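One structure is given below, encoded as structure tokens.
In what follows, every chain begins at residue 1, and chains take the letters A, B, ... in the order their sequences are listed. The basis for the numbers below is simple: all heavy atoms, side chains too, and nothing from hydrogens, waters or symmetry mates. Computed from a prediction, not measured in an experiment: that's the story for all the values here.
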Amino acid sequence: MKLPKRYDPKTAEPKWQQFWEEKGLFHFDRVPDRPIYSIDTPPPTVSGRIHIGHVFSYVQTEVIARFWRMMGFNVYYPFGYDDNGLPSERLVEKEKGVKASDVGREKFVQMCLELTKEYEKEFSTFWKSVGLSVDWSQDYSTIDPRSQRISQRSFIDLYRKGRAYTREAPTLWCPECHTAIAQADIEDAERDTVFYDVAFKLGDRDLVVSTTRPELLPACVAMFAHPDDERYAELIGKKATVPIFGHDVPILADEKADPEKGTGLVMCCTFGDTTDITWWQEHGLETRIALDDNGHMNELATGYEGLYIKKARKRIVEDLEEAGLVRNERSISHAVNTHERCGTEIEFAVAHQWFIRVLDIKDEIIAAGAKVAWYPDYMEVRFRNWVENLKWDWCISRQRYYGVPFPVWTCSSCSEVILADESQLPVDPTVTAPPVDVCPKCGGSEFEPEHDIMDTWMTSSCTPFLNIRWGEEDSRLERFLKSDNGTEYLMDMRPQAHDIIRTWAFYTVVKSVLNEEKIPWRTAMISGHVLHPDRAKISKSKNAGSHSPTAIIEERSADATRYWACSSRLGTDTVFSYDLFDAGKRFVVKLWNASKFAIMRLEDFDADAPRELGAPDRWLLARFAVTVDRATRSFEVGDYNGALDAVERFFWHDLCDNFIEIAKKRLYGDEGYDDAARRGAQYALYQTLLGVLKMVAPVMPHITEEIYSLFFAEREGVESIHIAAWPEPPQEWHDKAALESGELGLAVIEGMRKIKSTNKVSVATPVGVLRIAASQELWEKIKQLTGELRDVSNAEAVEHVLWNGDTESPPGDGFVGTDEAGIMVSAELKEVQS
RNA sequence: GGGCGAAUAGCUCAGCUGGUUAGAGCACCUGCCUUACACGCAGGGGGUCACAGGUUCGAGUCCUGUUUCGCCCA
């Protein structure tokens with residue numbers, strides 16, 4: 001059989017993707033009797049464009065799925081879409097040019113559903129073109145009824161366990177999105193602003209405070225100085241008058257007031273920052289709210305009502321200046337907290353919100369995180385640091401529309417919380433009546449449905465539950481649950497990028513610990529980011545559009561792209577460059593060409609006929625055995641890069657450049673070799689090429705499948721390389737002596753090649769006598785290779801010159817050294833061309 | 001200010017538990033159309049492994065400090 005001259009990924013890749021899908025090769029339970037390996041795939045938010053960073057991350061983890069499948073596992077690798085929540089809402093508002101509040105809840109939710117469905121189709125098509133070995137029949141979306149049901153079930157369980165609570169409290173608030181948010185939704189941003197020194201009055205005395213938020217003057221409830229600050233010691237306990245607004249506020253002492261900052265005197269407003277909240281709580285201060293939910297001044301800010309924050313600030317500063325109360329102003333750049341979804345500076349609002357109590361169990365969460373094997377391991381530290389630094393319970397209510405509703409009603413007379421019945425789930429309390437007619441506590445019959453929806457992370461933190469169908473009739477908990485040293489875990493692996501350790505990883509651990517008292521996964525594979533050449537992170541919100549992944553896959557092929565993704569170490573960021581795509585492409589071509597040659601020479605290979613393994617064959621098999629060991633150990637701990645490196649080196653260097661060159665004449669069936677010797681070479685070639693294809697298959701699934709299907713599939717009796725068994729070299733291939741003599745032989749070849757290269761002649765140039773100077777001991781190891789050394793050198797004869805290294809060079813002319821100590825080589829070139 | 005990571009050839013990256021002369025690809029130089037591959041092959045040049053100390057028989061690898069960059073958090 002003759003393979004076509006060239007391999008064309010443009011036609012081959014879609015062909016194989018279709019083949020895999022039609023054959024259902026990646027279906028969970030295709031081999032139900034095998035042990036399960038389950039993967040908690042990240043459901044991407046459909047609100048963002050797919051960028052090359054996604055491809056980087058997904059490929060790095062998907063190759064591991066392919067590896068375990070070949071290792072004989074029943075791999076569960078689903079796909080999901082995170083389509084509920086604020087990100088999707090913002091997408092719809094942007095694309096359709098509407099505001100949720102104008103359209104109405106029902107209509108808006110409908111628009112969200114429609115648009116996200118469209119995007120999901122696009123996403124699936126794209127991910128198939130990358131060659132992900134996903135079982136598409138297992139896909140889910142975080143807004144689908146089952147996800148909503150599981151999410152609500154999880155909430156009800158947390159409520160019953162006393163973990164979910166509601167209360168009226170100052171909460172992080174986004175005035176743009178008009179909703180409460182959680183600590184994890186905050187992003188720091190460097191912003192330019194102005195520091196104003198504003199004079200308060202105490203009698204005739206000026207008390208100057210520095211502030212960047214003069215618009216919060218109407219919300220000022222106190223002034224603070226450090227207790228040791230002598231400048232203000234006598235003022236503590238007195239009252240100062242707030243400029244413009246004229247109300248009096250107490251002057252108090254607290255250690256959190258920094259004497260070094262500004263004048264050392266600071267105003268406390270309800271609420272400017274978290275310190276204000278602490279002071280407000282600890283000192284029992286009054287509450288003066290001057291901002292409404294949309295970031296406009298309210299009636300408390302007399303004269304400025306209805307103005308948006310920035311505008312109010314400008315006007316108040318003007319009025320202060322006019323009154324001569326601004327003593328100084330200077331421009332500064334400082335870090336502010338913004339909402340990561342929209343970039344708006346966050347405010348604080350006092351409102352009724354739902355929370356998950358986590359601050360009291362930080363240690364438990366940290367301990368659970370420590371039981372997960374993080375790859376790379378330092379990612380666990382990031383998880384721990386985040387949990388240690390938590391300041392808020394997890395705020396899970398959002399004053400939005402598109403998301404999972406709280407399965408909750410409240411008694412209108414006594415505020416008793418009424419939970420939905422399991423049979424009602426999923427439930428929208430605004431359209432469904434509560435499961436009771438009268439309040440079990442007070443007998444009241446009026447109920448108020450909860451209008452808020454849950455934080456989108458409340459559902460995405462359930463992904464292990466969605467995968468195991470937690471609490472559902474078709475629950476897989478029993479099947480998926482495994483334990484390791486007494487630690488029970490729900491799934492085998494969580495793949496994700498490091499930027500969402502604080503959200504997705506953290507919340508998932510919280511849920512698994514609280515709902516199930518288990519850790520969510522045995523391992524977590526944390527991948528890095530792709531950076532622009534100017535080192536900025538490529539992400540969905542920034543720099544989208546450049547390096548379109550669709551274009552890259554089309555131009556460079558999925559295999560080359562996957563090779564690129566596997567060329568940097570797990571967890572580390574990489575600067576985008578086409579260099580490694582090109583390396584991947586060359587690897588594909590080389591695999592094709594080498595296979596073309598091999599298959600031509602293997603066509604008549606009869607594995608059952610007697611064969612004799614020559615020294616080069618034993619050397620190759622020994623090198624192969626070492627390579628399989630390393631590749632397997634690497635893949636087992638998620639080190640795709642180490643595995644690929646080992647296999648590529650073996651293939652290119654050992655198999656192609658050396659073995660094939662050395663064994664060529666034997667493979668051609670040239671004179672001087674009998675059939676058994678030829679079959680020895682064929683055997684080594686067959687085994688190692690097949691093994692290489694298998695080990696490369698996780699990274700480059702298309703080219704390997706193409707080659708495998710053209711020759712190996714029929715002989716091996718397995719229709720696809722991706723469900724073939726991972727190579728397992730027999731013990732006898734681990735042959736130390738063969739390795740040693742092989743290396744010596746290569747040293748001879750290197751010397752011979754150097755002679756030809758120095759003389760600027762072709763490597764095919766005939767040689768008279770090839771002389772090998774070596775000790776008797778070394779020669780014993782080399783001499784079994786004389787036939788092949790003669791072939792590869794195109795020499796008439798090979799002679800041994802006894803030389804123990806006791807003289808500078810052996811007797812005779814033209815000897816060159818080699819990398820192998822103790823061997824020198826000379827060769828008489830027959831047709832020296834000038 | 002705290003935490004984590006990175007710093008290796010002109011560029012993009014490897015380098016596993018410390019062990020001869022630090023690797024790959026691109027780029028560069030010299031050759032070679034060799035019955036798989038010129039998208040190739042052979043040979044070569046190029047690195048004081050950020051800097052300064054330390055541990056060790058031995059350090060790119062471990063420890064301490066410094067500098068620069070990135071990420072996360074205050």
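At the phosphate of B:rA14, neither OP1 nor OP2 sits under 4.0 Å from any side-chain N or O atom of A:R649. Under 4.0 angstrom from either OP1 or OP2 of B:rG15 there lies at least one side-chain N or O belonging to A:R569.
Nearest heavy-atom pair across A:D559 and A:I703 is OD2-N, 2.8 Å.
Taking every side-chain heavy atom of A:C656 into account, B:rA36 is the closest of B:rA14, B:rG25, B:rA36. Among the nucleotides B:rC41, B:rG3, B:rG5, the one closest to the side chain of A:W652 is B:rC41. When the nucleotides B:rA36, B:rC41, B:rU12 are ranked by their closest atom to the side chain of A:Y668, B:rA36 comes out on top. Of all nucleotides listed (B:rA74, B:rG43, B:rC26), B:rA74 comes nearest to the side chain of A:N337. The side chain of A:D573 has B:rG70 as its nearest neighbour among B:rA36, B:rG70, B:rG44. Side chain of A:M600, nearest nucleotide from B:rG25, B:rU12, B:rA36: B:rA36. If you check B:rC37, B:rA6, B:rG43 against the side chain of A:K754, the one that comes closest is B:rG43. For A:N385, whose side chain is taken as the heavy atoms from C-beta onward, the closest listed nucleotide among B:rC26, B:rC41, B:rG3 is B:rG3. With B:rG25, B:rC37, B:rC13 as the candidates, the nucleotide lying closest to the side chain of A:N593 is B:rC37. Nearest nucleotide to the side chain of A:R753, out of B:rA42, B:rA24, B:rG44: B:rA42.
Counting to the nearest Å, the P atom of B:rA36 and the CD1 atom of A:I707 are 16 Å from each other. As a whole-Å value, the separation of A:W374 CH2 from B:rG5 C1' is 16 Å. Between A:D657 atom CG and B:rA36 atom C1' the separation is 12 Å, expressed in whole Å. As rounded to whole Å, 13 Å separates atom P of B:rC26 from atom NZ of A:K585. One interatomic measurement links the two molecules: OH of A:Y640 to C1' of B:rC13, which rounds to 12 Å at whole-angstrom precision. Regarding A:R384, its CZ atom lies at a distance of 10 Å from the C1' atom of B:rG3, rounded to whole Å. At whole-Å resolution of the value, CG in A:N794 and P in B:rC41 are 20 Å apart. Going from atom CH2 of A:W392 over to atom P of B:rA74 covers 11 Å, rounded to whole Å.
Remark: aromatic rings of A:Y640 and A:F67 are distant, center separation not under 6.0 Å. Aromatic pair A:F581/A:F576: ring centres closer than 6.0 Å.
Within 4.0 Å (heavy atoms only), A:N641 reaches sugar-phosphate atoms of the nucleic acid but no base atom. Nucleic acid contact class of A:I660 (heavy atoms, under 4.0 Å, all strands): base. Using a 4.0 Å heavy-atom criterion, one finds that A:I186 contacts the sugar-phosphate atoms exclusively. Nucleic acid contact for A:S634: none, since no nucleic acid atom lies under 4.0 Å from a heavy atom of the residue. In this structure, A:E388 reaches neither bases nor backbone, as no heavy-atom distance under 4.0 Å exists between it and the strands shown. A:W386 comes within 4.0 angstrom of the backbone, heavy atoms only, and of no base. As judged by a 4.0 angstrom heavy-atom cut-off over every strand, A:T572 is placed among residues touching the sugar-phosphate backbone only.
No hydrogens or angles were tested; on distance alone, a donor-acceptor pair under 3.5 Å links the side chain of A:K590 to the base of B:rC37.
Rounded to whole Å, the separation between the P atoms of B:rC16 and B:rA22 comes to 15 Å. B:rG18 and B:rA59 have their C1' atoms separated by 6 Å, with the value rounded to a whole Å. Annotation: B:rC26 and B:rU55 have their P atoms spaced 43 Å apart (nearest Å). Comparing B:rG44 with B:rG25, their P atoms sit 13 Å apart, to the nearest whole Å. When the C1' atom is compared between B:rG19 and B:rU56, the two are found 12 Å apart, to the nearest whole Å. Between B:rA7 and B:rG60, the distance separating the two P atoms is 14 Å to the nearest Å. Spacing between B:rA42 and B:rA36 at atom P, rounded to whole Å, works out to 15 Å. To the nearest whole angstrom, the two C1' atoms, one in B:rC72 and one in B:rC57, are 42 Å apart.
With a 4.5 Å cut-off on side-chain heavy atoms, A:N593 and A:Y7 do not count as touching.
The only member of A:L693, A:L690, A:T688, A:V628 that meets side chain to side chain contact (heavy atoms under 4.5 Å, CB included) when paired with A:P727 is A:V628.
If you check the side chains of A:W726 and A:T632, you find a donor sitting under 3.5 Å from an acceptor. With hydrogens and angles left out, the side-chain atoms of A:E648 and A:Y563 include a donor and acceptor closer than 3.5 Å. In this structure, a donor-acceptor pair under 3.5 Å is absent between the side chains of A:Q60 and A:N641. Defined by atom type and a distance below 3.5 Å, a donor-acceptor pair is present between the side-chain atoms of A:T508 and A:R494.
Using a 4.0 Å cut-off between a side-chain N of Lys or Arg and a carboxylate O of Asp or Glu, A:R630 and A:D639 do not qualify as a salt bridge. A salt bridge links A:E661 to A:K664: one of the charged nitrogens lies within less than 4.0 Å of a carboxylate oxygen.
Residue-environment remark: NZ (A:K590) exceeds the threshold of 12 foreign heavy atoms within 6.0 Å.
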Reading RNA chain B 5' to 3', how would its secondary structure be written in dot-bracket notation, given Watson-Crick and G-U pairs with both distances under 3.5 Å, brackets [ ] for crossing pairs and | for partners on other strands?
(((((((..((((.....[...)))).(((((.......))))).....(((((..]....)))))))))))).
Shorter than 3.5 Å, N or O on both sides, protein versus nucleotides 29-31 of chain B: list them out with atom names.
from	atom 1	to	atom 2	distance (Å)
B:rU30	O2'	A:K760	NZ	3.0

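Between A:H653 and A:V589, it is A:V589 whose nearest contact on RNA chain B lies nearer the 5' terminus. Each of A:R633 and A:F597 has a nearest nucleotide on RNA chain B; the 5'-most of these lies closest to A:R633.
No donor-acceptor distance shorter than 3.5 angstrom exists from the side chain of A:T338 to the backbone of A:E340, with no hydrogens or angles considered.
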